[in-house]
Amino acid sequence: MNSNTALARIDLDAVRHNFAQAQALSPGSKIMAILKANAYGHGAIAVAQALEAAHAFGVAQLAEGVSLRGAGIKQPVCLLQGIQTERERRVAFEASLDLVVHAEHQIAILAGSPDSHRVWIKLDTGMGRLGFAPAQLKDVAHQLAKHRLLGVMTHLANADADADEGERTRTEAQIDRILNHNLLNKQLQISNLGNSAGIINYHQGPKDWIRPGIMLYGASPFHPPVPLEMLRPAMTFSAPVIAIKSVAAGASVGYGGIWTAAQDTQVAVLAVGYADGYPREVRPDTPVLTDAGKRAIIGRVSMDMISVRLNPGDRVQVGDRAVLWGEGLPIETIAESASTIPYRLMTGLGTRVQYEYHPLAA
Ligand SMILES: *Cc1c(COP(=O)(O)O)cnc(C)c1O
(Lines give C-alpha, C1' and ligand atoms only; values in the text may rest on other atoms or scores of the structure.)
Protein backbone atom coordinates (compact mmCIF):
# COMPACT_ATOMS: atom_id res chain seq x y z
CA MET A 1 0.00 0.00 0.00
CA ASN A 2 1.21 3.50 -0.73
CA SER A 3 1.83 5.52 2.38
CA ASN A 4 -0.65 8.15 1.21
CA THR A 5 -3.64 5.91 0.45
CA ALA A 6 -7.02 6.15 2.12
CA LEU A 7 -8.12 2.91 3.73
CA ALA A 8 -11.48 1.23 4.26
CA ARG A 9 -11.17 -1.26 7.10
CA ILE A 10 -14.07 -3.70 7.01
CA ASP A 11 -15.07 -5.39 10.25
CA LEU A 12 -16.75 -8.66 9.30
CA ASP A 13 -17.58 -9.41 12.95
CA ALA A 14 -19.60 -6.19 12.94
CA VAL A 15 -21.46 -7.41 9.84
CA ARG A 16 -22.26 -10.68 11.65
CA HIS A 17 -23.36 -8.79 14.74
CA ASN A 18 -25.69 -6.60 12.68
CA PHE A 19 -27.06 -9.64 10.89
CA ALA A 20 -27.86 -11.20 14.27
CA GLN A 21 -29.64 -7.99 15.27
CA ALA A 22 -31.84 -8.18 12.16
CA GLN A 23 -32.60 -11.80 12.98
CA ALA A 24 -33.45 -10.90 16.58
CA LEU A 25 -35.94 -8.27 15.38
CA SER A 26 -37.64 -10.80 13.14
CA PRO A 27 -37.00 -14.13 14.85
CA GLY A 28 -38.95 -16.48 12.61
CA SER A 29 -37.93 -14.91 9.33
CA LYS A 30 -35.45 -16.08 6.76
CA ILE A 31 -32.94 -13.44 5.75
CA MET A 32 -32.00 -12.38 2.26
CA ALA A 33 -28.90 -10.28 2.95
CA ILE A 34 -28.62 -7.49 0.40
CA LEU A 35 -25.20 -7.31 -1.27
CA LYS A 36 -25.91 -5.01 -4.21
CA ALA A 37 -23.38 -2.34 -5.18
CA ASN A 38 -20.52 -4.51 -3.94
CA ALA A 39 -22.21 -4.92 -0.56
CA TYR A 40 -22.73 -1.17 -0.24
CA GLY A 41 -19.03 -0.65 -0.88
CA HIS A 42 -17.85 -3.27 1.66
CA GLY A 43 -16.91 -6.04 -0.80
CA ALA A 44 -19.67 -8.47 -1.78
CA ILE A 45 -17.60 -11.66 -1.75
CA ALA A 46 -16.02 -11.04 1.65
CA VAL A 47 -19.39 -10.12 3.17
CA ALA A 48 -21.11 -13.14 1.61
CA GLN A 49 -18.37 -15.42 2.96
CA ALA A 50 -18.81 -13.87 6.41
CA LEU A 51 -22.57 -14.43 6.39
CA GLU A 52 -22.82 -18.19 6.42
CA ALA A 53 -26.04 -17.82 8.38
CA ALA A 54 -27.79 -15.89 5.61
CA HIS A 55 -30.56 -17.86 3.93
CA ALA A 56 -30.06 -16.05 0.63
CA PHE A 57 -28.39 -13.02 -0.90
CA GLY A 58 -29.85 -10.23 -3.02
CA VAL A 59 -28.02 -8.36 -5.78
CA ALA A 60 -29.13 -5.83 -8.37
CA GLN A 61 -27.17 -7.03 -11.38
CA LEU A 62 -26.45 -10.28 -13.17
CA ALA A 63 -22.67 -9.75 -13.03
CA GLU A 64 -22.85 -9.41 -9.24
CA GLY A 65 -24.64 -12.75 -8.97
CA VAL A 66 -22.25 -14.49 -11.35
CA SER A 67 -19.29 -13.16 -9.39
CA LEU A 68 -20.68 -14.55 -6.10
CA ARG A 69 -21.09 -17.95 -7.72
CA GLY A 70 -17.55 -17.69 -9.10
CA ALA A 71 -16.36 -17.21 -5.51
CA GLY A 72 -18.11 -20.40 -4.46
CA ILE A 73 -21.08 -18.90 -2.63
CA LYS A 74 -23.66 -21.66 -2.25
CA GLN A 75 -26.77 -19.99 -0.83
CA PRO A 76 -29.55 -18.83 -3.15
CA VAL A 77 -28.64 -15.56 -4.87
CA CYS A 78 -31.54 -13.44 -6.05
CA LEU A 79 -31.48 -10.93 -8.91
CA LEU A 80 -33.67 -8.18 -7.46
CA GLN A 81 -34.38 -6.68 -10.87
CA GLY A 82 -34.56 -10.01 -12.63
CA ILE A 83 -33.44 -10.54 -16.23
CA GLN A 84 -34.04 -8.31 -19.25
CA THR A 85 -33.15 -10.56 -22.20
CA GLU A 86 -33.08 -14.21 -23.20
CA ARG A 87 -29.28 -14.14 -23.05
CA GLU A 88 -29.43 -12.92 -19.46
CA ARG A 89 -31.93 -15.63 -18.65
CA ARG A 90 -29.52 -18.31 -19.83
CA VAL A 91 -26.60 -16.82 -17.90
CA ALA A 92 -28.77 -16.60 -14.79
CA PHE A 93 -29.84 -20.20 -15.21
CA GLU A 94 -26.28 -21.42 -15.61
CA ALA A 95 -25.30 -19.57 -12.44
CA SER A 96 -28.39 -20.87 -10.57
CA LEU A 97 -29.61 -17.38 -9.76
CA ASP A 98 -33.13 -16.81 -8.47
CA LEU A 99 -35.16 -14.23 -10.38
CA VAL A 100 -37.52 -11.49 -9.37
CA VAL A 101 -40.25 -11.10 -11.99
CA HIS A 102 -41.79 -7.65 -11.97
CA ALA A 103 -42.84 -6.94 -15.56
CA GLU A 104 -44.60 -8.41 -18.58
CA HIS A 105 -41.50 -8.63 -20.79
CA GLN A 106 -39.89 -10.89 -18.18
CA ILE A 107 -42.91 -13.15 -18.18
CA ALA A 108 -42.64 -13.40 -21.95
CA ILE A 109 -38.99 -14.47 -21.72
CA LEU A 110 -39.76 -17.01 -19.01
CA ALA A 111 -42.82 -18.35 -20.82
CA GLY A 112 -40.54 -19.35 -23.71
CA SER A 113 -37.84 -20.79 -21.47
CA PRO A 114 -36.84 -24.44 -21.76
CA ASP A 115 -35.51 -24.26 -18.19
CA SER A 116 -37.45 -24.07 -14.95
CA HIS A 117 -36.38 -21.09 -12.87
CA ARG A 118 -36.86 -20.22 -9.23
CA VAL A 119 -38.84 -16.97 -9.21
CA TRP A 120 -40.18 -14.41 -6.80
CA ILE A 121 -43.18 -12.44 -8.05
CA LYS A 122 -42.83 -8.77 -7.26
CA LEU A 123 -45.96 -6.90 -6.29
CA ASP A 124 -46.24 -3.13 -6.22
CA THR A 125 -48.10 -2.47 -2.98
CA GLY A 126 -47.35 1.25 -2.93
CA MET A 127 -43.71 1.91 -3.84
CA GLY A 128 -44.80 2.80 -7.37
CA ARG A 129 -41.62 1.46 -8.95
CA LEU A 130 -41.35 -2.22 -9.86
CA GLY A 131 -44.01 -4.89 -9.67
CA PHE A 132 -47.46 -6.04 -10.63
CA ALA A 133 -50.67 -4.83 -9.07
CA PRO A 134 -51.87 -7.33 -6.45
CA ALA A 135 -54.97 -7.92 -8.60
CA GLN A 136 -52.74 -9.27 -11.40
CA LEU A 137 -51.12 -11.91 -9.20
CA LYS A 138 -53.39 -14.76 -10.17
CA ASP A 139 -52.80 -14.18 -13.84
CA VAL A 140 -49.03 -13.73 -13.42
CA ALA A 141 -48.73 -16.89 -11.33
CA HIS A 142 -50.66 -18.75 -13.99
CA GLN A 143 -48.29 -17.61 -16.74
CA LEU A 144 -45.29 -18.67 -14.66
CA ALA A 145 -46.76 -22.07 -13.85
CA LYS A 146 -43.84 -24.07 -15.21
CA HIS A 147 -41.40 -22.28 -12.91
CA ARG A 148 -40.82 -22.79 -9.23
CA LEU A 149 -42.63 -19.96 -7.42
CA LEU A 150 -40.80 -18.93 -4.25
CA GLY A 151 -43.38 -16.42 -3.02
CA VAL A 152 -44.32 -12.79 -3.38
CA MET A 153 -41.99 -9.89 -2.77
CA THR A 154 -42.72 -6.23 -2.18
CA HIS A 155 -40.72 -3.14 -1.23
CA LEU A 156 -41.75 -0.59 1.40
CA ALA A 157 -41.70 3.05 0.35
CA ASN A 158 -42.17 4.93 3.60
CA ALA A 159 -40.76 2.76 6.38
CA ASP A 160 -37.73 5.05 6.74
CA ALA A 161 -39.69 8.22 7.36
CA ASP A 162 -40.54 9.55 10.80
CA ALA A 163 -43.16 7.20 12.12
CA ASP A 164 -45.92 9.81 12.18
CA GLU A 165 -49.51 8.76 11.64
CA GLY A 166 -49.62 9.28 7.88
CA GLU A 167 -46.42 7.35 7.17
CA ARG A 168 -47.40 4.53 9.50
CA THR A 169 -50.72 4.17 7.76
CA ARG A 170 -49.05 4.05 4.34
CA THR A 171 -46.58 1.37 5.40
CA GLU A 172 -49.17 -0.69 7.23
CA ALA A 173 -51.40 -0.54 4.17
CA GLN A 174 -48.51 -1.90 2.08
CA ILE A 175 -47.90 -4.71 4.55
CA ASP A 176 -51.60 -5.49 4.57
CA ARG A 177 -51.71 -5.65 0.81
CA ILE A 178 -48.97 -8.24 0.60
CA LEU A 179 -50.14 -10.33 3.51
CA ASN A 180 -53.77 -10.32 2.45
CA HIS A 181 -53.54 -10.60 -1.30
CA ASN A 182 -55.75 -13.19 -2.87
CA LEU A 183 -54.10 -16.33 -1.52
CA LEU A 184 -53.97 -18.78 -4.36
CA ASN A 185 -51.82 -21.50 -2.98
CA LYS A 186 -49.41 -22.11 -0.16
CA GLN A 187 -46.38 -20.98 -2.11
CA LEU A 188 -47.83 -17.56 -2.81
CA GLN A 189 -48.52 -17.05 0.87
CA ILE A 190 -44.78 -16.76 1.40
CA SER A 191 -44.03 -13.07 1.79
CA ASN A 192 -40.71 -11.34 1.28
CA LEU A 193 -40.68 -7.78 2.51
CA GLY A 194 -38.87 -5.44 4.79
CA ASN A 195 -35.80 -3.38 4.08
CA SER A 196 -33.81 -2.24 7.12
CA ALA A 197 -36.28 0.49 8.01
CA GLY A 198 -39.17 -1.94 7.76
CA ILE A 199 -37.34 -4.49 9.91
CA ILE A 200 -36.57 -1.94 12.61
CA ASN A 201 -39.83 0.02 12.59
CA TYR A 202 -42.33 -2.68 11.74
CA HIS A 203 -41.03 -5.86 13.29
CA GLN A 204 -44.41 -6.95 14.56
CA GLY A 205 -46.41 -9.04 12.14
CA PRO A 206 -45.48 -12.07 10.08
CA LYS A 207 -42.80 -11.91 7.43
CA ASP A 208 -41.43 -15.10 6.02
CA TRP A 209 -38.44 -13.33 4.54
CA ILE A 210 -36.74 -10.02 5.33
CA ARG A 211 -34.18 -8.14 3.23
CA PRO A 212 -31.76 -6.08 5.33
CA GLY A 213 -29.23 -3.94 3.51
CA ILE A 214 -27.84 -0.86 5.20
CA MET A 215 -28.33 -2.19 8.72
CA LEU A 216 -25.92 -5.06 8.00
CA TYR A 217 -23.27 -2.44 7.43
CA GLY A 218 -24.11 -0.71 10.69
CA ALA A 219 -25.78 2.48 9.51
CA SER A 220 -29.20 3.98 9.98
CA PRO A 221 -31.80 3.94 7.21
CA PHE A 222 -33.72 6.83 8.77
CA HIS A 223 -33.98 10.56 8.05
CA PRO A 224 -32.17 12.40 9.37
CA PRO A 225 -29.74 9.55 10.00
CA VAL A 226 -28.93 9.13 13.69
CA PRO A 227 -26.64 6.27 14.80
CA LEU A 228 -28.53 3.22 16.07
CA GLU A 229 -27.10 1.73 19.24
CA MET A 230 -27.89 -1.83 18.36
CA LEU A 231 -25.65 -1.71 15.26
CA ARG A 232 -21.87 -1.66 14.89
CA PRO A 233 -20.21 0.19 12.00
CA ALA A 234 -18.69 -2.27 9.54
CA MET A 235 -16.59 0.26 7.64
CA THR A 236 -13.95 2.52 9.12
CA PHE A 237 -12.64 4.92 6.51
CA SER A 238 -9.33 6.56 7.37
CA ALA A 239 -6.54 8.55 5.77
CA PRO A 240 -2.93 9.32 6.63
CA VAL A 241 -1.54 12.66 7.74
CA ILE A 242 0.96 13.72 5.08
CA ALA A 243 1.93 17.16 6.43
CA ILE A 244 1.68 19.30 9.55
CA LYS A 245 1.74 22.99 8.72
CA SER A 246 1.97 26.14 10.79
CA VAL A 247 -0.48 28.65 9.39
CA ALA A 248 0.18 32.22 10.48
CA ALA A 249 -2.64 34.45 11.71
CA GLY A 250 -4.32 36.06 8.70
CA ALA A 251 -3.28 33.33 6.21
CA SER A 252 -5.85 31.22 4.35
CA VAL A 253 -6.08 27.50 3.69
CA GLY A 254 -7.21 25.71 0.54
CA TYR A 255 -9.03 26.60 -2.69
CA GLY A 256 -10.86 29.87 -2.60
CA GLY A 257 -9.29 30.76 0.74
CA ILE A 258 -12.61 30.20 2.49
CA TRP A 259 -10.91 29.70 5.85
CA THR A 260 -8.52 32.24 7.36
CA ALA A 261 -6.56 31.68 10.56
CA ALA A 262 -7.60 34.00 13.37
CA GLN A 263 -4.35 33.16 15.17
CA ASP A 264 -1.28 31.06 14.44
CA THR A 265 -2.62 27.54 13.90
CA GLN A 266 -1.26 24.04 13.39
CA VAL A 267 -2.97 22.30 10.50
CA ALA A 268 -2.81 18.61 9.57
CA VAL A 269 -3.14 17.78 5.88
CA LEU A 270 -4.77 14.39 5.22
CA ALA A 271 -4.39 12.43 1.98
CA VAL A 272 -8.06 11.97 1.18
CA GLY A 273 -10.41 13.96 -0.99
CA TYR A 274 -13.53 13.77 -3.06
CA ALA A 275 -11.80 11.43 -5.53
CA ASP A 276 -11.74 8.90 -2.69
CA GLY A 277 -15.40 9.44 -1.91
CA TYR A 278 -15.07 11.96 0.89
CA PRO A 279 -17.97 14.34 0.15
CA ARG A 280 -16.98 17.79 -1.06
CA GLU A 281 -20.30 19.10 0.27
CA VAL A 282 -19.51 18.77 3.99
CA ARG A 283 -20.19 21.84 6.10
CA PRO A 284 -17.25 23.76 7.54
CA ASP A 285 -16.11 22.32 10.89
CA THR A 286 -17.10 18.75 10.06
CA PRO A 287 -15.17 16.48 12.44
CA VAL A 288 -12.33 14.10 11.70
CA LEU A 289 -11.12 11.74 14.44
CA THR A 290 -7.38 12.19 15.05
CA ASP A 291 -5.23 10.61 17.75
CA ALA A 292 -5.75 13.85 19.68
CA GLY A 293 -9.56 13.63 19.40
CA LYS A 294 -12.14 15.10 17.07
CA ARG A 295 -10.82 18.05 15.09
CA ALA A 296 -12.54 20.19 12.49
CA ILE A 297 -12.03 20.30 8.74
CA ILE A 298 -11.12 23.77 7.50
CA GLY A 299 -11.23 25.12 3.97
CA ARG A 300 -12.54 23.23 0.95
CA VAL A 301 -12.32 19.51 0.46
CA SER A 302 -10.12 19.07 -2.60
CA MET A 303 -9.64 16.08 -4.89
CA ASP A 304 -6.83 14.46 -2.92
CA MET A 305 -6.61 16.31 0.37
CA ILE A 306 -8.39 17.86 3.31
CA SER A 307 -7.00 20.15 6.00
CA VAL A 308 -7.78 19.79 9.69
CA ARG A 309 -7.28 22.39 12.41
CA LEU A 310 -5.26 21.13 15.38
CA ASN A 311 -5.27 22.53 18.89
CA PRO A 312 -2.11 23.79 20.56
CA GLY A 313 -0.29 20.84 22.09
CA ASP A 314 -1.96 18.17 19.90
CA ARG A 315 0.43 15.35 19.20
CA VAL A 316 -0.50 14.53 15.66
CA GLN A 317 2.32 13.53 13.34
CA VAL A 318 2.99 12.76 9.72
CA GLY A 319 2.14 9.09 9.19
CA ASP A 320 -0.67 8.99 11.79
CA ARG A 321 -4.08 8.00 10.47
CA ALA A 322 -7.29 9.88 11.11
CA VAL A 323 -10.77 8.38 10.90
CA LEU A 324 -13.18 10.05 8.46
CA TRP A 325 -16.12 7.86 9.47
CA GLY A 326 -16.65 4.55 11.21
CA GLU A 327 -15.48 3.53 14.65
CA GLY A 328 -15.55 6.57 16.93
CA LEU A 329 -17.11 8.86 14.33
CA PRO A 330 -20.53 7.83 13.02
CA ILE A 331 -21.06 7.87 9.27
CA GLU A 332 -24.44 9.45 10.06
CA THR A 333 -22.65 12.60 11.28
CA ILE A 334 -20.76 13.00 8.02
CA ALA A 335 -23.81 12.14 5.90
CA GLU A 336 -25.87 14.75 7.71
CA SER A 337 -23.12 17.33 7.32
CA ALA A 338 -23.00 16.67 3.57
CA SER A 339 -26.82 16.71 3.26
CA THR A 340 -26.80 13.14 2.11
CA ILE A 341 -27.35 9.63 3.49
CA PRO A 342 -24.98 6.90 4.71
CA TYR A 343 -25.91 4.77 1.67
CA ARG A 344 -24.39 7.38 -0.63
CA LEU A 345 -21.14 7.65 1.32
CA MET A 346 -20.62 3.87 1.62
CA THR A 347 -21.27 3.20 -2.04
CA GLY A 348 -19.19 6.15 -3.22
CA LEU A 349 -15.64 5.22 -2.22
CA GLY A 350 -13.15 5.88 -5.00
CA THR A 351 -11.32 3.10 -6.81
CA ARG A 352 -7.93 3.98 -5.30
CA VAL A 353 -9.13 3.35 -1.73
CA GLN A 354 -7.47 0.24 -0.26
CA TYR A 355 -9.46 -2.38 1.63
CA GLU A 356 -8.44 -4.32 4.69
CA TYR A 357 -10.59 -7.07 6.21
CA HIS A 358 -10.82 -8.05 9.87
CA PRO A 359 -10.85 -10.84 10.63
CA LEU A 360 -8.99 -11.69 7.44
CA ALA A 361 -11.38 -13.00 4.80
CA ALA A 362 -11.47 -16.75 4.20
C1 LIG B 1 -31.68 -2.23 -1.56
C2 LIG B 1 -32.84 -3.09 -1.30
C3 LIG B 1 -33.13 -3.56 0.00
C4 LIG B 1 -32.33 -3.16 1.21
O5 LIG B 1 -32.65 -1.85 1.61
P6 LIG B 1 -31.98 -1.17 2.90
O7 LIG B 1 -32.70 0.10 3.06
O8 LIG B 1 -30.54 -0.96 2.55
O9 LIG B 1 -32.13 -2.13 4.02
C10 LIG B 1 -34.18 -4.44 0.13
N11 LIG B 1 -34.94 -4.81 -0.93
C12 LIG B 1 -34.69 -4.38 -2.17
C13 LIG B 1 -35.58 -4.82 -3.29
C14 LIG B 1 -33.66 -3.49 -2.40
O15 LIG B 1 -33.42 -3.06 -3.64
Side-chain angles (χ1 to χ4, degrees), residues 14-15 18-23 25-26 29-42 44 47-48 51 54-62 64-65 76-83 97-103 106 119-132 150-161 163 167 171 174-175 178 190-203 207-228 230-231 233-235 331-332 335 340-348:
V15 175
N18 298 332
F19 178 92
Q21 295 294 68
Q23 185 73 83
L25 283 169
S26 203
S29 302
K30 291 186 177 173
I31 300 187
M32 181 183 285
I34 302 300
L35 302 183
K36 64 194 181 191
N38 199 24
Y40 294 43
H42 292 68
V47 172
L51 287 180
H55 305 89
F57 296 113
V59 296
Q61 301 199 341
L62 184 59
E64 297 176 305
V77 174
C78 179
L79 292 179
L80 295 169
Q81 298 175 3
I83 42 104
L97 304 177
D98 296 351
L99 306 179
V100 167
V101 177
H102 59 78
Q106 297 176 320
V119 300
W120 289 97
I121 298 176
K122 179 107 178 222
L123 294 184
D124 182 2
T125 58
M127 179 74 169
R129 218 171 45 179
L130 299 183
F132 301 99
L150 301 172
V152 289
M153 184 181 284
T154 201
H155 199 47
L156 301 174
N158 301 87
D160 59 332
E167 304 294 359
T171 301
Q174 278 200 269
I175 295 173
I178 188 139
I190 293 179
S191 62
N192 184 326
L193 74 154
N195 49 8
S196 299
I199 294 164
I200 296 167
N201 263 356
Y202 299 87
H203 48 93
K207 297 179 204 85
D208 300 299
W209 284 81
I210 54 173
R211 300 192 308 273
I214 193 102
M215 74 180 292
L216 297 176
Y217 310 106
S220 166
F222 300 114
H223 302 288
V226 175
L228 298 171
M230 64 173 173
L231 303 177
M235 174 190 288
I331 192 170
E332 288 86 352
T340 187
I341 53 179
Y343 298 76
R344 174 93 172 89
L345 297 185
M346 288 176 175
T347 58

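Whatever order the structure lists ligands and atoms in, that order sets their numbers, starting from 1.
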> Would you call the rings of Y343 and Y40 parallel, tilted or perpendicular if under 30° counts as parallel and over 60° as perpendicular?
Replying inline: tilted
> Could you give the distance from CG (L130) to CG (D124), rounded to the nearest 0.5 Å?
Replying inline: 8.0 Å
> Would you say H155 touches ligand 1, if touching means a heavy atom closer than 4.0 Å?
Replying inline: yes
> What's the shortest distance from atom 7 (O) of ligand 1 to any protein heavy atom, and which residue and atom give it?
Replying inline: Y343 OH, 2.6 Å
>> Using a 4.0 Å cut-off to any heavy atom of G213, which atoms of ligand 1 qualify?
In response: 4 (C), 6 (P), 8 (O), 9 (O)
> Any idea which of M153, R211, H102 brings a heavy atom closest to atom 13 (C) of ligand 1?
Replying inline: R211
> Which heavy-atom pair separates F57 from L35 by the least distance, and what is that distance?
Replying inline: CD2-CD1, 3.5 Å
>> With a heavy-atom distance limit of 4.0 Å, tell me whether S196 approaches ligand 1 through its side chain, its backbone, both, or neither.
In response: both
> With respect to M215, which candidate in N195, I34, I199 satisfies the side chain to side chain contact (heavy atoms under 4.5 Å, CB included) definition?
Replying inline: I199
> Hey, which atoms in ligand 1 end up nearer than 4.0 Å to a heavy atom of K36?
Replying inline: 1 (C), 2 (C), 3 (C), 14 (C), 15 (O)
>> What protein heavy atom lies closest to atom 5 (O) of ligand 1? Include the residue and the distance to one decimal.
In response: N195 CB, 3.5 Å
>> Using only atom types and a distance under 3.5 Å, with no angle test, would you say the side chain of E332 pairs donor to acceptor with the backbone of P342?
In response: no
> To which protein heavy atom is atom 8 (O) of ligand 1 closest, and what is the distance rounded to 0.1 Å?
Replying inline: Y40 OH, 2.5 Å
>> Using the salt bridge (Lys or Arg N to Asp or Glu O under 4.0 Å) criterion, which residues pair with D98? Sequence neighbours excluded.
In response: R118
>> Side chains of H102 and R129: any donor to acceptor distance under 3.5 Å?
In response: no
> With a cut-off of 4.0 Å, which atoms of ligand 1 are near a heavy atom of I214?
Replying inline: 6 (P), 8 (O), 9 (O)
